[in-house]
Amino acid sequence: MSDATIPIMGDGLPPALREMLGPEFEILEWDESAKSTAPSRAAGIITYGHPHVGGELMDRVPNLKVISNHGVGVDHIDVGAAKERKIPVGNTPGCLDASTADMTMALMLATARNVVVGDRFARSPEFTHYDPSQLIGYEVSGSTLGIVGLGRIGRQVAKRALAFDMKVLYHNRKRDEQAERELGVTYASLDDLLRQSDFVSLNCPLTPDTTNLIGKREFGLMKSTGILLNIARGPVVDHDALFAALNSKRIAGAGLDVTSPEPLPRNHPLLGLTNVVITPHLGSASNRTRNRMMQMTVENLRAGLEGKPLPWACT
Ligand code: NAP
């Protein structure tokens, strides 16, 4: 790489990532909705907060050599359009598996055991004495967890769930016999998984196949005591059907790290329900993981700019 400053586009890159990039890069602030001059100059793009990058934008960046995504999910990038244009796309798989699985467990426990409702109650004037009949939740230990998308993150969720003595079912498009042997998880069709699970955890990518994968029909198959956890992407779940299922108590609860849209409009009906716990897309938001994600983002960017294979390419 030459010593000259290299212009790259980045959406709201934080100081720590700018520091890792160092002085050799000129960061062109870029807002996907704004008519910016950044594209005419940039040699690379870092997607930090999931801005949409389609073929039309790629065509406006004549010197584009690489798109480096901070995160593993690349549904906001038209990877096919990048491939057609021979622009490599990098992401950060693996380093966030444990952190995202931890968050899945946090949402499972918070939703099942009334952690958020309980916190509000414990701070309120209504909490006047200990009452053993208050806020009785659903037992996590020994229950059945169904994982939709037993990949890198899903396997880590399974490991944690097994330590809670849970029975673990999974559903992928392809059966994973190695995971079955190594972890002791059991394959199920999506419908059987929905029928048998106390907790259903979505850990698949957002693709055309998984968009609205969980809707009215699927909620109809779940147990009335069932809890849905979405730590994948918001559009995997039909939100109108989710609201109806929660509001009517067709299912017992939901823990959502992601929503559609994100954030939800402040008057969205889901925000008025007490049987849902919502976090603002915190799956990988832990200190060591975020640091590693930034390092991998920079390594992919540098490799692409130098015309080398990306260490973590998703094309
Ligand atoms: P991965 O290793 O590629 O695993 C994805 C799994 O989903 C695979 O086992 C795949 O198996 C399965 N899958 C794909 N399409 C499916 C379908 N139509 N039906 C059922 N299963 C399907 O990916 P990962 O690294 O674990 O990440 C998964 C996703 O988590 C990411 O794409 C991202 O959107 C999300 N994520 C969210 C956060 C957050 O902050 N909330 C953080 C990190 C990642 P088959 O190919 O056999 O179907």
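Ligands are counted one by one from 1 in listed order, and the atoms in each one are counted from 1 as well.
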> Between Ile231 and ligand 1, which part of the residue brings a heavy atom under 4.0 Å of the ligand: side chain, backbone, both or neither?
Replying inline: both

>> Heavy atom to atom 2 (O) of ligand 1, shortest distance: which of Lys174, His50, Met293, Arg152 holds it?
In response: Arg152

> Considering only the protein, which heavy-atom contact is closest to atom 29 (C) of ligand 1, and what is its distance?
Replying inline: Cys204 O, 3.6 Å

> Where does Ala232 meet ligand 1, judged by heavy-atom distances below 4.0 Å: at the side chain, the backbone, both, or neither?
Replying inline: backbone

> Any idea which protein heavy atom is nearest atom 18 (N) of ligand 1, and the distance to it?
Replying inline: Thr210 CG2, 3.3 Å

> Does ligand 1 have a heavy atom under 4.0 Å from the side chain of Leu190, from its backbone, from both, or from neither?
Replying inline: neither

> Would Arg217 and Asp191 satisfy salt bridge (Lys or Arg N to Asp or Glu O under 4.0 Å), going step by step from the backbone distance to the final call?
Replying inline: CA-CA 10 Å; Arg217 189 190 79 84; Asp191 287 4; 2.8 Å; yes

> So with a 6.0 Å cut-off around CD of Gln295, is the heavy-atom count from everything else above 12?
Replying inline: yes

> Closer than 4.0 angstrom: is that true for some heavy atom of Thr207 and an atom of ligand 1?
Replying inline: no

> With a 4.0 Å heavy-atom cut-off (strictly under), which part of Asp176 contacts ligand 1: side chain, backbone, both or neither?
Replying inline: neither

> Would you call the rings of His70 and Tyr48 parallel, tilted or perpendicular if under 30° counts as parallel and over 60° as perpendicular?
Replying inline: tilted

> What protein heavy atom is closest to atom 31 (C) of ligand 1, reported as residue, atom name and distance in Å?
Replying inline: Val72 CG1, 3.9 Å

>> Can a donor-acceptor pair be found, under 3.5 Å and without considering hydrogens, that links the side chain of Arg160 to the backbone of Gln156?
In response: yes

> Of the protein's non-hydrogen atoms, which lies at the shortest distance from atom 28 (C) of ligand 1, and what is that distance?
Replying inline: Asn203 O, 3.4 Å

> Considering Pro280, Pro205, Pro208, Gly149, which one's heavy-atom position lies nearest to atom 5 (C) of ligand 1?
Replying inline: Pro205

>> Heavy atoms only, cut-off 4.0 Å: how does Ile153 contact ligand 1, side chain, backbone, both, or neither?
In response: both

> Does any N/O atom on Leu96 come nearer than 3.5 Å to any N/O atom on ligand 1?
Replying inline: no

>> For a quick check under 3.5 Å, do Asn69 and Thr47 share a side-chain donor-acceptor pair by atom type?
In response: yes

> Taking the minimum heavy-atom distance to atom 8 (C) of ligand 1, which of Gly71, Gly151, Gly73 ranks first?
Replying inline: Gly151

>> Between Leu96 and Met293, is there a side-chain heavy-atom distance shorter than 4.5 Å?
In response: yes

>> Can you confirm whether His171 sits close enough to Leu194 that some side-chain heavy atom of one is under 4.5 Å from a side-chain heavy atom of the other?
In response: no

> Parallel, tilted or perpendicular: which describes the rings of Phe127 and Phe121, with under 30° parallel and over 60° perpendicular?
Replying inline: tilted

>> Looking at Lys159, I'd like to know if its NZ atom is crowded, meaning that more than 12 non-hydrogen atoms belonging to other residues, nucleotides or ligands lie closer than 6.0 Å.
In response: no

> Side chain, backbone, both or neither: which part of Asp257 has a heavy atom under 4.0 Å from ligand 1?
Replying inline: side chain

> Among Arg173, Met103, His171, which one has a heavy atom closest to atom 46 (O) of ligand 1?
Replying inline: Arg173

> Which ligand 1 atoms, with their elements, are less than 4.0 angstrom from a heavy-atom of Leu150?
Replying inline: 9 (O)

> Hey, are Lys308 and Glu299 close enough for a salt bridge, meaning a charged N less than 4.0 Å from a carboxylate O?
Replying inline: no

